[in-house]
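Every heavy atom of this structure was used, including side-chain atoms; hydrogens, water molecules and symmetry mates were not.
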Amino acid sequence: MSLAQVHYASAAPGDEEAAGRFTAVGPGVSGALLAEIEPLLRHGLPEGVAEHPSDGELRALPQPFTYAVLADGSRLVARSAAVRETGGGPGVRFHAHAVHVPPGVPLPGDRMAVEAWRSPHWVAATPSGAIPDPLTPPPGPAAVSEGLDDFAVSRGPWLAAVLADLRRASGAEPAGGGPVVLVERSCADVARWLGLASATLPRAYAERLTFTTYTRRPGSSTLRVAGVRPEDAEAARSAGLRVHLCAGPSPAGGGTGDVWAVTAARVWRSRSPELFRVADELPGEPFAAGPLAVTALCAGITLGPDERAAAAGWAADRPYALDAKRTGLLVEALTSPAVDDRTGTEFDAAGRLFGALEGRCPASVTAPLAAMLVTEAVRGGNGSVELPHRDAFVGPEGAAVAERLGPEILNELGGGPAGTRPVARTVQLLRVARLLGVDTTELRPEVVARLASAMLAETSVREEPVGNGREGPLGGAAENPAGPPDFAPALLELLDEQFEVRTALLGALDRLAPSNPGAVARFLERMALPFTGTQALPHLRMCAEAPGAMATLGGDRAAVWRRVLRAAGLSPFAEPLVLRTAVGLVWEDRAPSVEEARLLLEAATSDAHRAAGTWARLVDAALGAAVTEPSAGSHARGPAAAHTDEAAALAHDLLRAFPEEIGGRERAGLLLLDLARELRTGAPDPGWTETVRTLCAQAEPVGPALRERAHTALVERLLAPDRPGAELYAFVHGDDAELITAYDRAARTETVRTRLRTQPAYAADCFTVWTAHPHAGTAWPPVAAALLAEVLRPAVRAMSAEDVAEVEATVGRTGSSGRAGAFRAWNRSSALGRLGRRIVGRVRRG
């Protein structure tokens, strides 16, 4: 069909109020369409155009080429040319020649609009009659395709970024933010960019790219691509548009992040645009990098690591999409020895490709992939590489790889201090060694021991308590375990592949468990290891049982301990170390209570505790109870006092059971507890006043409650009526201010005050003691005087006359007549003081 043509002449230069006009309009183009078309054909001349330009200057002016989609779905293809003012006047104006394509009508020859850019039928003046349609070029290749390869190479630094933006601009919905701006000195170069896009983008996307090769107002353009000259670039950038300054210096660094665009740029620089159509035949989403990257690699084009990864990933997802020849070419390109910039992502994709091709292709095709993967696993340290199976290497390929990598594997496995190699690395080396048939028998014990220690070290960070108030199996609050460690999948595969390593590793962990059962239990809570074999593994079984036991039994640690101990399957009498493991699991970071310690002591012999080293936990229990329990008070008998007696009894038993093991400050602390017990219940050896002082010094730093308990037991014994005089003398003349303060505190308790008021003999004894040593150091005299005045005097004052007389008589019998006189004088001064105070009160009242 014949397409309507339109001619338009722009306004005269310098006449801002004048308007352009349509000089010819073909049939079918309505006035509404003309109103929409006119802004598309109106162009501004560049700055600095001469008033009378020469023919060369006129030809150098822009020749805008425009393609637009109108509101009714029809399209407009137009070219404008600068012409002299009619009538020979000064100035230049544009003449636009346009073709209107109705909706649903393809362009002649089903060609792209940009292919009409160099059509010889565009005219620069309104014709007097019918002229050929400019959209119907002569047969043969379109003129726009000529020289595109050279142009693409010349624009190499900008190629990927421009193609990426043109791809985004070709979407079903135009990208926001205005058109993509291409800055070139020539409209022809902008048209070549659009020619590159039409040859690169899928047809449906390329047809959506509306454009103009020249405008001075890109910010107001409704088209998707706009060309501007360099002098207008800054204005376009200031308008917030996406600007590509292709007419200046090469852009500095930085990639586009668009793998498809980068791959397309490499194809163009390799002068192979025909590959775009080949890639379109492969399955995949539009602009997927995989099909184009595969096609380029099979054609021998060098690609970067991201593009190679895209190719390998695409082929791994569609191993059936390529024939045997292209599969071989792809593998050859991916494994080329000339490639030295592979990344972890590329190796992961290559591993997936190997897994997809294994069994589908001959081993001779996949062997290079397998060799590359194991080489990277050994030399590159890539722990995420998916290793091939043992049958991946056949014939000389496997022997060559093993000969090359075997010594490196053995050297790394056998070197380095323990604990420095990550678990994932050791696991990978062991798996590759088996894959290549490298014998690691001699190194296995040392390697597995290091591996076990590293596994615990890498999972040793404890999770924060969840705050539910329930105690956890490892001595703290119940916790939510973290997920499996990163090395878990590879480790489980190793244990499944290599029975010898599994046996040795489980044994090594079992040997480590008694020293650090909490770490082993936390590891097993995060990663379940196979215990289904015939190995005993008592400690590992206990560690695996502990979390479930605590979850079931809650805070009953004694019950948890018994259940964990049963899980070992061994008696602590036969294997004392199970005691250490069980105690470490239940009381990892704390001491047992006195009752729990008594249970532990009775559950096994002292020899078993000695061999297991758990006797130290029992000592901590005795001393910890003494520190944390409150003082029982003067001869009080209640829960606290009973607990104190149990702690002292436990201390007594521990001193007898472990005489050689307990020493230093712990022994002194236990002896203090035992002495306190004897002071209250028995007859300690003489000199116990000095013994308390000596043991407190040896037990430093001693807890304040333990010190107070020992001091209280001592002074309560000194306040007893039957205390030895020698001990009292040593106490008074020892001038120990801390002990004397404890004595003063005990003497003021209600127990002592009641005894003084009700027992004249006891009051007489206290009077004798508190007046017998007036010059014994500096600490005792003021305390004794205060006790006489503030404790004894109120007690005597409350007695009957008969009791007071008995006190005086008892003082005389036990002391001397002078001492009895002293009591009478002391008591008389008290009475006279009372009488004097009464008289003074009466006088005042009178």
Nearest-0.5 Å distance, [atom1] of residue [X] to [atom2] of residue [Y]:
X	Y	atom1	atom2	answer
L675	L679	CG	CG	4.5 Å
L579	R617	CG	CZ	12.0 Å
L756	L787	CG	CG	9.5 Å
E700	L695	CD	CG	11.5 Å
L451	R425	CG	CZ	13.5 Å
R680	R677	CZ	CZ	12.0 Å

- request: Just say parallel, tilted or perpendicular for the rings of W780 and Y743, cut-offs at 30° and 60°.
  value: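 Perpendicular: the ring planes of W780 and Y743 meet at over 60°.
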Verify, without hydrogens or angle tests, whether [X] (side chain) and [Y] (backbone) share a donor-acceptor contact under 3.5 angstrom.
X	Y	answer
R753	V791	no
H609	L600	yes
R665	Q698	no
Q759	A761	no
D674	A651	no
R610	A657	yes
R580	A612	yes
E727	G687	yes
Q535	L506	no
R557	E596	no

Atom of [X], atom of [Y] and distance for their closest heavy-atom approach:
X	Y	result
R526	G483	NE-O, 2.9 Å
T771	P774	O-CD, 3.9 Å
A597	L650	CB-CD2, 3.7 Å
H539	V578	CE1-N, 3.7 Å
Y762	P721	CD1-CG, 3.6 Å
P530	L495	CD-CD1, 4.2 Å

Are [X] and [Y] side-chain neighbours, meaning at least one heavy-atom pair lies under 4.5 Å?
X	Y	answer
L413	L430	yes
W770	V783	no
E545	R541	no
R793	L788	no
L599	R562	yes
R707	E738	yes
E808	N827	no
D803	T758	no

message: Could you tell me if E678 and W688 have a donor-acceptor pair between their side chains, going purely by distance under 3.5 Å?
response: no
field: Polar contact flag, side-chain donor to acceptor under 3.5 angstrom, R813-T810
entry: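 There is such a pair between these side chains.
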- prompt: After noting the C-alpha distance and the side-chain angles of F658 and V619, does the key distance pass the side-chain contact (heavy atoms from CB on, under 4.5 Å) rule?
  reply: CA-CA 10 Å; F658 309 105; V619 172; 5.8 Å; no
- prompt: Should F767 and V811 be marked as a side-chain contact (heavy atoms from CB on, under 4.5 Å) after you check the CA-CA gap, both sets of side-chain angles, and the distance that decides it?
  reply: CA-CA 8 Å; F767 177 81; V811 170; 4.1 Å; yes
- prompt: Should E588 and R522 be marked as a salt bridge (Lys or Arg N to Asp or Glu O under 4.0 Å) after you check the CA-CA gap, both sets of side-chain angles, and the distance that decides it?
  reply: CA-CA 12 Å; E588 181 183 20; R522 286 188 288 275; 3.3 Å; yes
- prompt: Between E595 and R598, is a salt bridge (Lys or Arg N to Asp or Glu O under 4.0 Å) present by the stated rule, with each step listed?
  reply: CA-CA 5 Å; E595 294 79 6; R598 176 65 64 185; over 6 Å; no
query: Do other residues, nucleotides or ligands put more than 12 heavy atoms under 6.0 Å from the CG atom of D735?
result: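 Atom CG in D735 is crowded, with more than 12 foreign heavy atoms closer than 6.0 Å.
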Verdict with supporting geometry, D744 and T741, side-chain contact (heavy atoms from CB on, under 4.5 Å): CA-CA 5 Å; D744 179 64; T741 300; 5.5 Å; no
- request: Using the side-chain contact (heavy atoms from CB on, under 4.5 Å) rule, take R444 and E500 through it: C-alpha gap first, then chi angles, then the decisive distance, then the call.
  value: CA-CA 9 Å; R444 188 180 301 138; E500 299 82 1; 3.6 Å; yes
